[in-house]
**Student:** 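Have a look at this one before I ask anything.
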Amino acid sequence: TGGLAPYTYSVINGALPAGLTLSSNGLLSGTPTASGTFQLGIGVVDSSTGTGPYNSGFKYSITVNAPTIALTPGTLPSANLGATYSQSLTATGGTAPYTFNVTAGALPVGLSLSTAGVISGTATAGGLASFTVTVTDSSTGTGPFAISASLTILVNQAPVLASAPTATPNPAFTNQPVQFSAAATDADLDKLSYVWNFQDGSTSTDQNPTHTFTTPGIYAVSVTVDDS
């Protein structure tokens with residue numbers, strides 16, 4: 001106020017936090033990318049003529065607080081032994097770009113974390129892997145800032161048949177019940193499911209089903225064991 005409008009504003013000493021600008025009409029705007037306390041002087045010039053224009057300066061202090069950085073997801077999906085795996089980590093808060101690193105523990109053997117936050121590869125060993133990921137932003141000033149999170153990845157191992165499936169009697173006659181049997185083990189102690197395909201249009205989800213064939217022929221019976 002005072003003097004003759006319009007007024008022109010500018011930074012006359014010190015500096016604004018990185019990411020902020022001051023327009024000539026006095027609007028301070030932007031997204032700060034540097035934290036800390038910044039001292040600066042802002043000058044204003046009016047539009048008086050004659051012996052004008054007139055100017056004045058003011059001191060200001062701007063404090064930019066440290067950001068809160070978050071890392072997601074907090075729970076990672078399981079990997080399957082011998083299968084390709086890919087999972088992206090995402091950071092929010094602070095200033096992009098972010099850098100991701102494993103700072104404690106270890107990923108499953110065969111997997112790696114890129115600095116861009118992608119866990120990928122093919123797991124070659126089963127079990128539960130525990131590790132810490134640290135994400136660092138690109139803030140300046142009193143930054144950069146970082147956050148660490150503890151994560152786990154379970155590498156699921158496929159079930160294994162303890163022995164070859166059996167059929168009794170084999171061979172069998174039409175309309176004669178046949179007892180099928182299979183047994184599998186799972187290193188992860190997951191609950192197992194069985195699906196038998198008798199190749200005559202019939203299936204069974206019993207582990208040890210009984211089936212009767214009504215038409216003569218040779219049937220390549222199969223069983224699938226799943227731990228999902």
**Student:** What about V45 and Y7, same hydrophobic cluster or not, with Ile/Leu/Val/Met/Phe/Trp/Tyr joined at side-chain heavy-atom distances under 4.5 Å?
**Tutor:** no
**Student:** Where is the tightest heavy-atom contact between G126 and L81, given as atom of each residue plus distance?
**Tutor:** N-CD1, 3.7 Å
**Student:** Assign the ring pair F198 / H211 to parallel, tilted or perpendicular, where the plane angle (0 to 90°) is split at 30° and 60°.
**Tutor:** parallel
**Student:** I need the single residue from L107, N80, I119 that forms a side chain to side chain contact (heavy atoms under 4.5 Å, CB included) with Y85. Which is it?
**Tutor:** I119
**Student:** What are the two closest heavy atoms between A91 and V135, and how far apart are they?
**Tutor:** CB-CG2, 3.7 Å
**Student:** Can you name the nearest heavy-atom pair linking S35 to N65, along with the distance?
**Tutor:** CB-O, 4.1 Å
**Student:** Return the minimal non-hydrogen interatomic distance between V118 and S88, and the atom names on each side.
**Tutor:** CG2-OG, 3.8 Å
**Student:** Using modelled atom types and a 3.5 Å cut-off, is there a donor and acceptor pairing between side-chain atoms of Q207 and backbone atoms of A182?
**Tutor:** yes
**Student:** If the test is side chain to side chain contact (heavy atoms under 4.5 Å, CB included), which one of T136, V133, I69 qualifies with I147?
**Tutor:** I69
**Student:** Look only at the side chain of D200 and the backbone of S202, and say whether a donor-acceptor pair between them is shorter than 3.5 Å.
**Tutor:** yes
**Student:** Examine the side chains of N208 and S181 and answer whether a donor and an acceptor come within less than 3.5 Å of each other.
**Tutor:** yes
**Student:** Side chain of D188, backbone of Q157: donor and acceptor closer than 3.5 Å?
**Tutor:** yes
**Student:** Would you mind reporting whether F38 and L16 have side-chain heavy atoms less than 4.5 Å apart?
**Tutor:** no
**Student:** Please check this pair: side chain of T99 against backbone of T115, looking for a donor-acceptor N/O pair closer than 3.5 Å.
**Tutor:** no
**Student:** For S150 and T132: C-alpha separation, side-chain torsions, deciding distance, then whether side chain to side chain contact (heavy atoms under 4.5 Å, CB included) applies.
**Tutor:** CA-CA 4 Å; S150 297; T132 299; 3.9 Å; yes
**Student:** Has D226 got a side-chain atom pairing as donor or acceptor with S193's backbone, closer than 3.5 angstrom?
**Tutor:** no
**Student:** Under 3.5 Å, is there a donor-acceptor pair linking the side chains of T63 and T37?
**Tutor:** yes
**Student:** For the CD atom of Q179 and the OG1 atom of T166, what is their distance to the nearest 0.5 Å?
**Tutor:** 8.0 Å
**Student:** What heavy-atom pair brings A15 and L40 nearest, and what distance separates the two atoms?
**Tutor:** N-CB, 4.0 Å
**Student:** To the nearest 0.5 Å, what is the distance between CZ (F213) and CG (N175)?
**Tutor:** 11.5 Å
**Student:** Just by distance, with hydrogens left out, do D46 and S48 show a side-chain donor and acceptor under 3.5 Å apart?
**Tutor:** yes
**Student:** Are L89 and P73 packed together at the side-chain level, in the sense that at least one heavy-atom pair is separated by less than 4.5 angstrom?
**Tutor:** yes
**Student:** Taking the side chain from W196 and the backbone from D206, do they hold a donor-acceptor pair closer than 3.5 Å?
**Tutor:** yes
**Student:** What is the ring orientation for Y60 with F58, classed by angle as parallel under 30°, tilted 30 to 60°, or perpendicular over 60°?
**Tutor:** tilted
